[in-house]
Amino acid sequence: SQIVDPFQVLVAANKAVHLHKIGKMKTRTLYTEVIFNLSPNNNISDALKKFGVSDSDTAVLIVLIVDTEKPVNLEEVVSQVEGQQVSLDELPQLTDIEKVKKIYKITPQEEKIGTLLDSIVCRMATKDVL
Amino acid sequence: PPPLPGLQLVQQGAEACVFRGRFLGREAVAKLRVPKLYRHPALEERLSRRRTAQEARALLRCRRAGIPAPVVYFVDYVTNCIYLEDIMGAVAVRDHIESVQQRGDDASSLLPLGEKLGALLARLHDEDLIHGDLTTANILLRPPVEKLDLVLIDFGLSFVSGLPEDKGVDLYVLEKVFLSVHAETETVFETLLKTYAATSKKSGPVIKKLDEVRLRGRKRSMIG
């Protein structure tokens, strides 16, 4: 419910893969790095709590990072999930906008100059420079 | 050159090369800092990274404050390259002024632009953000141009400062651009300053400093 657009996840994954390649990840695994990158701050445990899967979640977004040389069996992954697979197009319906604004601390002025996604991605991309 | 599909060099400035391409499916701009080989490598690395970081930080501050600037998509600290939002169809204020003047319209049609600029810069400076390279080439107009939807770009020389002196210099640089690049635009800049003074809460000392800087400027005889 905190994801507004697949691009948000792509940006997080891209950064994770980049840091992994140069050996400068902040977390210990590639996937926790993706989750960490989604967070607007630099607190790892907070990120995992907010963006990781918890028992109360009713929807999950599965991210797979694949090496082009090693194909992955999607069916295998999907079969591990007990639930109904839904198209990514329906993602906006699952987004809790107020929750997102709170987590990312979006200011009212920001909403005038760009989309929610813009604000989120900007924070994700620059949080390590602060 | 950055690994971006559909890559094309847009321009090569003194600081960086600007490329256009797609980043994760979106139209984006990649700004790659050109390594200056005459510098000592250790210094070069540090300086490049600091400038990149400063630019990223400034862009984030703008976004938080509601000051229109491109969205940062990714910062690569290995190559010191920033991947930003590409403002599709944007026209630089410099080109806009030129085309307006070529059309034969006089400066009075540019006065609303001056107002918008004044208001925008007032908000920028009230956030204690100094652009550092305010030229009409570094301010874009989103299409449609009539809406006067401005976007600031190129924060490579930007820094944080509350000093009226720094803000005054920021404005002075822009004034010089207006006076030297764009003919007969004095009224536009005057309107800009008027709106700036009216919008900014801290404008008094800044305008004063601007007057002082004007007197100091280059090729001024400091007699008396």
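Numbers restart at 1 for each chain; the letters A, B, ... are given by sequence-line order, proteins then strands. These values consider heavy atoms only, across backbone and side chains, with no hydrogens, waters or symmetry-generated copies.
Neither the backbone nor the side chain of A:K112 has a heavy atom closer than 4.5 Å to any heavy atom of chain B. Proximity to chain A (any heavy atom under 4.5 Å) is shown, for B:I82, by neither the backbone nor the side chain. For A:L10, the parts lying near chain B are the backbone and the side chain together; criterion is any non-hydrogen pair under 4.5 Å. The contact between A:L117 and chain B is made entirely by side chain atoms (from C-beta outward), counting heavy-atom distances below 4.5 Å.
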Run the numbers on A:N14 and B:Y73 for side chain to side chain contact (heavy atoms under 4.5 Å, CB included), then give the verdict. CA-CA 10 Å; A:N14 175 71; B:Y73 289 155; over 6 Å; no

Please step through side chain to side chain contact (heavy atoms under 4.5 Å, CB included) for the pair B:L60 and A:V129, ending with a clear verdict. CA-CA 10 Å; B:L60 179 62; A:V129 86; 5.7 Å; no

Working note: A:D128 + B:Y77, criterion side chain to side chain contact (heavy atoms under 4.5 Å, CB included); need CA distance, chi angles, decisive distance, verdict. CA-CA 11 Å; A:D128 45 1; B:Y77 291 102; 4.2 Å; yes

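At most 12 heavy atoms of other shown residues, nucleotides or ligands fall within 6.0 angstrom of atom CZ in B:R94. Applying the 6.0 Å contact sphere to NZ of B:K194 captures no more than 12 heavy atoms from other residues, nucleotides or ligands. Within 6.0 Å of atom CD1 in A:I97, 12 or fewer heavy atoms from other residues, nucleotides or ligands are found, so the atom counts as exposed in its surroundings. Within a 6.0 Å sphere centred on NZ of B:K202, heavy atoms belonging to other residues, nucleotides or ligands number more than 12. A:E90 CD: more than 12 foreign heavy atoms inside a 6.0 Å radius.
Considering only heavy-atom pairs separated by less than 4.5 Å from chain B, the leading option among A:V11, A:T126, A:T107 is A:T126. Counting heavy-atom pairs closer than 4.5 Å to chain A, the top-ranked of the candidates B:V75, B:V78, B:D76, B:L59 is B:D76. Your options are B:A65, B:G25, B:P70, and the one with the most heavy-atom pairs under 4.5 Å with chain A is B:A65.
Listed here is the closest heavy atom pair of A:R123 and B:R64: NH2-NE, 3.7 Å. The two residues A:I113 and B:G66 make their nearest non-hydrogen contact at CG2-O, 3.3 Å. Nearest heavy atoms, A:C122 versus B:R63: CB-CD, 3.9 Å.
Inspection of non-hydrogen atoms places B:A53, B:A56 of residues 36-56 of chain B under 4.5 Å from chain A.
Under the ring-ring contact (aromatic ring centres under 6.0 Å, His included) criterion, B:F74 pairs with A:H18, B:Y83, sequence neighbours left out.
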